Novice: 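Could you have a look at this structure, given as structure tokens, before my questions?
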Number of protein chains: 2
Amino acid sequence: MNGSIADPKAVRRTILRNLRSALLELGSATKAELSDRLGVSFPTVSKFLGQMEKAGELLPVQLDDSSGGRRANRYSYNPEVMLGLALFLERTETSYIVFNCAGEVKDQGHAASVLTADITDFDALIAALVNKHPQISAVSVGVPAAVNNGRLIYIPEYEQFHDLDLKAHCEQRFQLPTVIENDMNAAVYGYYMARHQRSELQPSLVYLYFGQNGPGSGIMLDGNIMRGSSFFSGEVSFVPLYDQYNFGEAMRASHPHPRFPDGDLSVDAVARLIAVFAAVLNPHGVILSRHEANEGLLAQLEAASQAYIPREHLPAFILSDWEQDYLYGLQGLSLDLMLSREAGGN
Amino acid sequence: MNGSIADPKAVRRTILRNLRSALLELGSATKAELSDRLGVSFPTVSKFLGQMEKAGELLPVQLDDSSGGRRANRYSYNPEVMLGLALFLERTETSYIVFNCAGEVKDQGHAASVLTADITDFDALIAALVNKHPQISAVSVGVPAAVNNGRLIYIPEYEQFHDLDLKAHCEQRFQLPTVIENDMNAAVYGYYMARHQRSELQPSLVYLYFGQNGPGSGIMLDGNIMRGSSFFSGEVSFVPLYDQYNFGEAMRASHPHPRFPDGDLSVDAVARLIAVFAAVLNPHGVILSRHEANEGLLAQLEAASQAYIPREHLPAFILSDWEQDYLYGLQGLSLDLMLSREAGGN
DNA sequence: CCAACATATTAAATCCGTTTAATAAGGTGA
DNA sequence: TCACCTTATTAAACGGATTTAATATGTTGG
């Protein structure tokens, strides 16, 4: 009936999630530390930790060092009580990773691509993994597709998955909270969450990628993934940049072009694309994959884009590891689900 | 000490604001209607309305029509208890509007531009208006400048206002809650809030404007104004669109150009700019001023942009009245402040 | 016109987190 | 070792919204 201003259920869940993530981030903490870090009163922290302890979520406690008076109890979270499962659905294969709350990988492997097969392979893989690791309590799936709240909106080449609500499918089949995310979006999220504390002011980031299947990008604004009204946002290959070419065409091959007699459009094209982002979104940073670029190229891009945009409004040029960020992203999405589960839930 | 999960002060303020805005939107309502519209319990609604009635915020009540049982009391808000003041700081002049909570204009007028003068003129104008209308309880100011939380970050040509914290200045001088906003941003906000209920899913909109001082745009994403990391977002004139020209240059004059022998770049340039927005942000709509465009041009743009972006991912092409939207925007910003004031505030 | 019913309002009980007070536990110096 | 100090934890009182019960005020049909 409620749900708007002060839903007690929701408050409870937030407190719980915050306690768990604070304990994981800090490694260990006292009740007082948690209380003022989270802005929740001491008695409340105490009550929740009591429940968590009873549920076996906390590791055997040590005593804190003295600071002049009575020594406080220290608590730390047992990262093994729940496991997460991340699935990477790629064109050539499907890979998976099982990890605990601290992000440590407990199991991993590959399987034939389920994209080229069908959904039963997917189900079988999850069933086997859940059977092997009954502690799994959340699932995240990365896909090279446009996703709308768990539904695969647009997935080129793989007709059998078109318009499938993968989230609903998983949740009802395995009774596990599930999140589906586009690969580029998962990567920006991963890059972001691996280095920013939850409390900081949220940056805007663009992850740029030039795959063999055409370029793509993931955009995060103030900590939120940007999807667009028809899930088209970030489709940078369509951006018109030259009299004759859009970004995709300019990249497809180094077109010979009267204006660029050396024949290499690609540096200028990317610089222009970054200029577009700067003039439209003005993000804090633009990220490129280390596998597709290096410091030298970055410097060239930085110089070239200053021809279009005043330096002080250009984003930071960042090199990162796409595979790693993608992995972190899916882990983070699972972790979010895990930490939000009800106490003693299963 | 608190402020994070359940700050009672904040809860109180939200309830109050929601009650006021619901009463204004609905015209009148019963306690039961308010209760389930806002998701706040009946007793709480009852308590708040009691206080508001005592404070004179409610208009004399009528009885509701019967629906088979006891007839309920109807309440409606007295829009005259507070007035708002909106100031439009433009290059050529400064204009102002005084209005009540229902948006009805109570007073309006012009004065010499304060931008070309200095801040004392500004203060004098407000002082006079507040003196004339003591009911004024919130101020909003629209400026052709980049604004960071009330501070004028970048205001070309008017050095004396550079880096001035106008919000702090007003609030301490007049003891009135104040909001400062960039003109384009106020316009998108105005367009949006004049036709969307607070509860609906929030659209993404781009307001495009081609002034004599160069083009600009205001961007709203999911109901939030987009500002950018260095307050540069929406500076569309920098967007590179052609081998030789960025958007600003292409618009500056109808350049003769080998690719466009008819010499009219401007339609294509705007179509390209819209394509850029579609591929990057994928907004629901792009809005143009009726004073700068008409249905014919809109149709041309719509056709031209399909050369760059598949039709289904293009935004809606919208014609609107910029002056009107700007006005609504500033009114809305003031109204927000007014409705958030403490009960019996003054 | 009155019994039976429907809906509105008011009052009491409850829930949950916070604030404040009381108690426990460990340090320190004479 | 014992007062005394500092800090941790537990217990009680409080605040504010919600849920549930009780009461008030209408309507309707015989």
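Note that this is a predicted model, so its numbers are computed, not measured. We name chains A, B, ... by the order of the sequence lines, and we start the count at 1 in each one.
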Novice: OP1 or OP2 of dC16(C) less than 4.0 angstrom from a side-chain nitrogen or oxygen of K47(A), does that happen here?
Specialist: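 No, K47(A) has no side-chain N/O under 4.0 Å of OP1/OP2 on dC16(C).
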
Novice: May I have the distance from D36(A) (atom CG) to dT9(D) (atom P), rounded to whole angstrom?
Specialist: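 It works out to 13 Å between those atoms.
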
Novice: Check step by step if side chain to side chain donor-acceptor pair (under 3.5 Å) holds for Y75(B) and E53(B).
Specialist: CA-CA 9 Å; Y75(B) 299 84; E53(B) 193 161 26; 4.9 Å; no

Novice: Do any side-chain atoms of residues 330-338 of chain B form donor-acceptor pairs under 3.5 angstrom with protein atoms, and if so which ones, sequence neighbours left out?
Specialist:
{"unit_1": "S334(B)", "atom_1": "OG", "unit_2": "L85(B)", "atom_2": "O", "d": "3.4"}
{"unit_1": "S334(B)", "atom_1": "OG", "unit_2": "S140(B)", "atom_2": "N", "d": "3.3"}
{"unit_1": "S334(B)", "atom_1": "OG", "unit_2": "S140(B)", "atom_2": "OG", "d": "2.9"}

Novice: Among all residues two or more places apart in sequence or in another chain, which pass the side-chain hydrogen bond (donor to acceptor under 3.5 Å, both in side chains) test with E104(B)?
Specialist: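 For E104(B), the residues satisfying side-chain hydrogen bond (donor to acceptor under 3.5 Å, both in side chains) (neighbours in sequence not counted) are N100(B).
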
Novice: Could you give the NZ-to-P distance, from K9(B) to dT19(C), as a whole number of Å?
Specialist: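 It works out to 13 Å between those atoms.
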
Novice: Once you apply a heavy-atom cut-off of 4.0 Å, does S46(B) come out as touching a base, just sugar-phosphate, or nothing?
Specialist: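 Result for S46(B) = sugar-phosphate.
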
Novice: What are the atom names and distances for every N/O pair under 3.5 Å that joins the protein to nucleotides 23-26 of chain D?
Specialist:
{"unit_1": "dA24(D)", "atom_1": "N3", "unit_2": "R70(B)", "atom_2": "NH1", "d": "3.1"}
{"unit_1": "dT25(D)", "atom_1": "O4'", "unit_2": "R70(B)", "atom_2": "NE", "d": "3.3"}
{"unit_1": "dT25(D)", "atom_1": "O4'", "unit_2": "R70(B)", "atom_2": "NH1", "d": "3.4"}

Novice: Nearest whole Å is fine: how far is dA17(D) C1' from R13(B) CZ?
Specialist: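 Spelled out: CZ on R13(B) to C1' on dA17(D) is 17 Å.
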
Novice: Rounding to an integer number of Å, can you tell me how far F48(A) CZ sits from dT9(D) P?
Specialist: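 Result: 18 Å.
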
Novice: Among the candidates dT18(C), dT18(D), dA17(D), find the nucleotide nearest to the side-chain atoms of P43(B).
Specialist: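 The closest nucleotide is dT18(D).
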
Novice: If you only use heavy atoms from C-beta on, which nucleotide in dT10(D), dG17(C), dT10(C) is closest to the side chain of I15(A)?
Specialist: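 Of all the options, the side chain of I15(A) is nearest to dG17(C).
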
Novice: What nucleotide, of dA17(D), dT9(D), dA8(C), holds the atom closest to the side chain of A72(B)?
Specialist: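 The closest nucleotide is dA8(C).
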
Novice: Send over the distance from N18(B) CG to dA17(D) P, rounded to a whole Å.
Specialist: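 Result: 13 Å.
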
Novice: Rounded to whole angstroms, how far apart are CG on L38(B) and C1' on dA17(D)?
Specialist: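 After rounding, the gap between these two atoms is 14 Å.
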
Novice: Which residues satisfy the ring pair (Phe, Tyr, Trp, His ring centres under 6.0 Å) test with Y326(A), sequence neighbours excluded?
Specialist: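 With neighbours one apart ignored, the set is F88(A), W322(A).
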
Novice: Quick one: which of dT9(D), dA17(D), dG17(C) gets closest to the side chain of F42(A)?
Specialist: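 The answer is dT9(D).
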
Novice: OP1 or OP2 of dT18(C) versus the side-chain N and O atoms of T44(A): is any pair under 4.0 Å?
Specialist: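 For T44(A), the contact criterion (side-chain N or O under 4.0 Å from OP1 or OP2 of dT18(C)) is met.
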
Novice: Establish, with yes or no, whether the OP1 or OP2 oxygen of dT10(C) is under 4.0 angstrom from a side-chain nitrogen or oxygen of K31(B).
Specialist: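 Yes, such a contact exists.
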
Novice: Compare all side-chain heavy atoms of V147(A) with those of F231(A) and state whether any distance is below 4.5 angstrom.
Specialist: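 No; the side chains remain at least 4.5 Å from each other.
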
Novice: Of all residues at least two apart in sequence or in a different chain, which pass the side-chain hydrogen bond (donor to acceptor under 3.5 Å, both in side chains) check with R17(B)?
Specialist: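 With sequence neighbours excluded, R17(B) shows a side-chain hydrogen bond (donor to acceptor under 3.5 Å, both in side chains) to S340(B), given in chain and number order.
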
Novice: Please confirm whether the shortest side-chain N or O distance from N73(A) to OP1 or OP2 of dA8(D) is below 4.0 Å.
Specialist: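 No, outside the criterion.
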
Novice: Quick one: L49(B) CG to dA17(D) P, roughly how many Å, whole number?
Specialist: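 It is 13 Å, rounded to the nearest whole Å.
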
Novice: Rounded to the Å, how far apart are L16(A) CG and dG17(C) C1'?
Specialist: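 The distance from CG of L16(A) to C1' of dG17(C) comes to 15 Å, rounded to the nearest Å.
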
Novice: Would you please name every residue forming a side-chain hydrogen bond (donor to acceptor under 3.5 Å, both in side chains) with K106(B), sequence neighbours left out?
Specialist: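 In terms of side-chain hydrogen bond (donor to acceptor under 3.5 Å, both in side chains), with neighbours along the sequence ignored, K106(B) is linked to E80(B).
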
